[in-house]
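Okay, structure first, notes after.
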Amino acid sequence: MTSPFSSTRELADAFVHSAQRVGATTPAIRGADWRLAVVTSVGGGGTVVAEGVTCRCLDSYPQPTIGDLIVITQSSSGNWLAAGRTATGGLGIGQSVTALKTADTSRTNNATPADDPHLAFTVAANATYTVEGWIKYSALVDLDITVDWTVPSGALGEWTGHGMGLGTTGQSTSGYSIRTETNDVSQPRNFSGTTSAAGEYSVLLYGTLRVQGTGGTFAMQWSQGNTGATATTVYTDSWLRLTRIS
């Protein structure tokens with residue numbers, strides 16, 4: 001029988017190259033490895049398909065989304081895991097960010113809402129967020145406080161503020177009047193001041209922000225409800241939190 005190899009050395013080289021090819025494609029020989037891949041489908045039972053490979057998600061990757069750039073890793077037995085989403089420069093799905101007010105801000109003789117200097121975020125295009133917050137303020141009755149929002153162009157959503165209704169001058173035997181309406185994300189609402197400028201009150205904020213094709217700034221705006229020389233103030237330790245949900 002005639003060998004296709006002209007020398008023993010050529011035959012040895014062929015064996016080496018063959019072994020290298022087998023080792024490169026056999027996990028039990030190659031050992032574990034990892035690489036980046038883009039999710040192309042999300043399956044049931046905690047699995048995703050990324051560039052043709054079916055992977056089981058770790059608990060730390062609970063909300064996979066088509067288009068995610070993820071880390072996938074393979075064990076020496078050939079099983080694949082999706083370790084999680086890589087950073088995108090913004091919030092990932094399920095992640096939160098909180099803005100804390102670090103100084104008091106007072107406004108007088110101005111009923112045009114403007115961004116609070118501390119309570120602002122940059123939000124991504126085509127992302128959805130839940131909104132939560134707690135605002136501590138003081139205002140005279142009839143001057144009050146107006147709460148509004150800066151949102152990216154085309155953004156949708158709703159918000160509500162649980163705070164004193166207009167015309168509240170103090171606590172009655174049954175407590176305070178509280179506003180509970182739901183509002184469009186770009187719709188302002190007023191909350192009452194009281195007969196004493198020294199009174200300090202709060203608004204609990206909840207809502208949903210659905211950013212469309214244009215990202216940008218999301219910020220809480222506020223002003224006096226009516227212009228007056230006695231300041232309306234939003235205080236240190238007020239806060240606003242966004243959690244990305246899609």
Donor-acceptor pair between [X] and [Y] side chains, under 3.5 angstrom:
{"X": "Thr182", "Y": "Glu158", "answer": "yes"}
{"X": "Gln221", "Y": "Thr150", "answer": "yes"}
{"X": "Thr233", "Y": "Asp104", "answer": "no"}

What distance do [X] atom [atom1] and [Y] atom [atom2] have between them, rounded to the nearest 0.5 Å?
{"X": "Arg107", "Y": "Thr146", "atom1": "CZ", "atom2": "OG1", "answer": "11.0 Å"}
{"X": "Thr128", "Y": "Ile93", "atom1": "OG1", "atom2": "CD1", "answer": "9.0 Å"}
{"X": "Thr65", "Y": "Arg85", "atom1": "OG1", "atom2": "CZ", "answer": "5.5 Å"}
{"X": "Ile245", "Y": "Leu91", "atom1": "CD1", "atom2": "CG", "answer": "12.0 Å"}
{"X": "Gln63", "Y": "Asp68", "atom1": "CD", "atom2": "CG", "answer": "10.0 Å"}

State yes or no: do [X] and [Y] share one hydrophobic cluster built from I, L, V, M, F, W and Y residues joined by side-chain heavy-atom distances below 4.5 Å, directly or via other members?
{"X": "Tyr201", "Y": "Ile178", "result": "yes"}
{"X": "Ile72", "Y": "Ile66", "result": "yes"}
{"X": "Val42", "Y": "Val53", "result": "yes"}
{"X": "Val97", "Y": "Val131", "result": "yes"}
{"X": "Leu204", "Y": "Leu100", "result": "yes"}

If we only count heavy atoms from C-beta on, is the [X] to [Y] side-chain gap below 4.5 Å?
{"X": "Thr230", "Y": "Thr108", "answer": "no"}
{"X": "Val147", "Y": "Arg189", "answer": "no"}
{"X": "Leu119", "Y": "Ile135", "answer": "yes"}
{"X": "Val185", "Y": "Leu209", "answer": "yes"}
{"X": "Trp222", "Y": "Val234", "answer": "yes"}
{"X": "Arg244", "Y": "Gln95", "answer": "no"}
{"X": "Val48", "Y": "Ile70", "answer": "yes"}
{"X": "Trp34", "Y": "Gln74", "answer": "no"}

Over all atoms of both residues, closest heavy-atom pair of [X] and [Y]:
{"X": "Ser202", "Y": "Tyr137", "answer": "N-CE2, 3.9 Å"}
{"X": "Ser192", "Y": "Val141", "answer": "OG-CG2, 4.3 Å"}
{"X": "Cys55", "Y": "Ala82", "answer": "CB-N, 3.7 Å"}
{"X": "Ser77", "Y": "Ser75", "answer": "OG-OG, 2.9 Å"}
{"X": "Thr227", "Y": "Gln224", "answer": "CA-OE1, 3.7 Å"}
{"X": "Phe121", "Y": "Leu240", "answer": "CZ-O, 3.2 Å"}

Would you kindly check if the NZ (Lys) or CZ (Arg) of Arg56 is within the cone defined by 45 degrees around the ring axis of Trp80 and under 6.0 Å from the six-membered ring centre? no

Backbone N or O of Ser246 within a donor-acceptor pair of the Tyr129 side chain at under 3.5 Å? no

When the aromatic ring centroids of Tyr206 and Trp159 are compared, is their separation below 6.0 Å? no

For Trp149, run the side-chain contact (heavy atoms from CB on, under 4.5 Å) check against Leu205, Asp184, Asp115 and tell me which one passes. Leu205

Kindly indicate, with the supporting measurements, whether the criterion side-chain contact (heavy atoms from CB on, under 4.5 Å) is fulfilled by Phe218 and Thr122. CA-CA 6 Å; Phe218 176 71; Thr122 298; over 6 Å; no

When you look at Thr236 and Lys136, which way does the side-chain contact (heavy atoms from CB on, under 4.5 Å) test go after all the steps? CA-CA 8 Å; Thr236 302; Lys136 176 184 176 182; over 6 Å; no

Where do Asn190 and Ile145 land on the side-chain contact (heavy atoms from CB on, under 4.5 Å) test, with the steps shown first? CA-CA 6 Å; Asn190 286 16; Ile145 185 170; over 6 Å; no

Would you sort out whether Asp144 and Asn226 count as a side-chain contact (heavy atoms from CB on, under 4.5 Å), showing the intermediate values? CA-CA 7 Å; Asp144 306 323; Asn226 296 291; 4.2 Å; yes

Do the side chains of Lys101 and Asp116 get close enough for a salt bridge, i.e. N-O under 4.0 angstrom? yes

Residues that Arg210 engages under salt bridge (Lys or Arg N to Asp or Glu O under 4.0 Å), provided they are two or more places apart: none

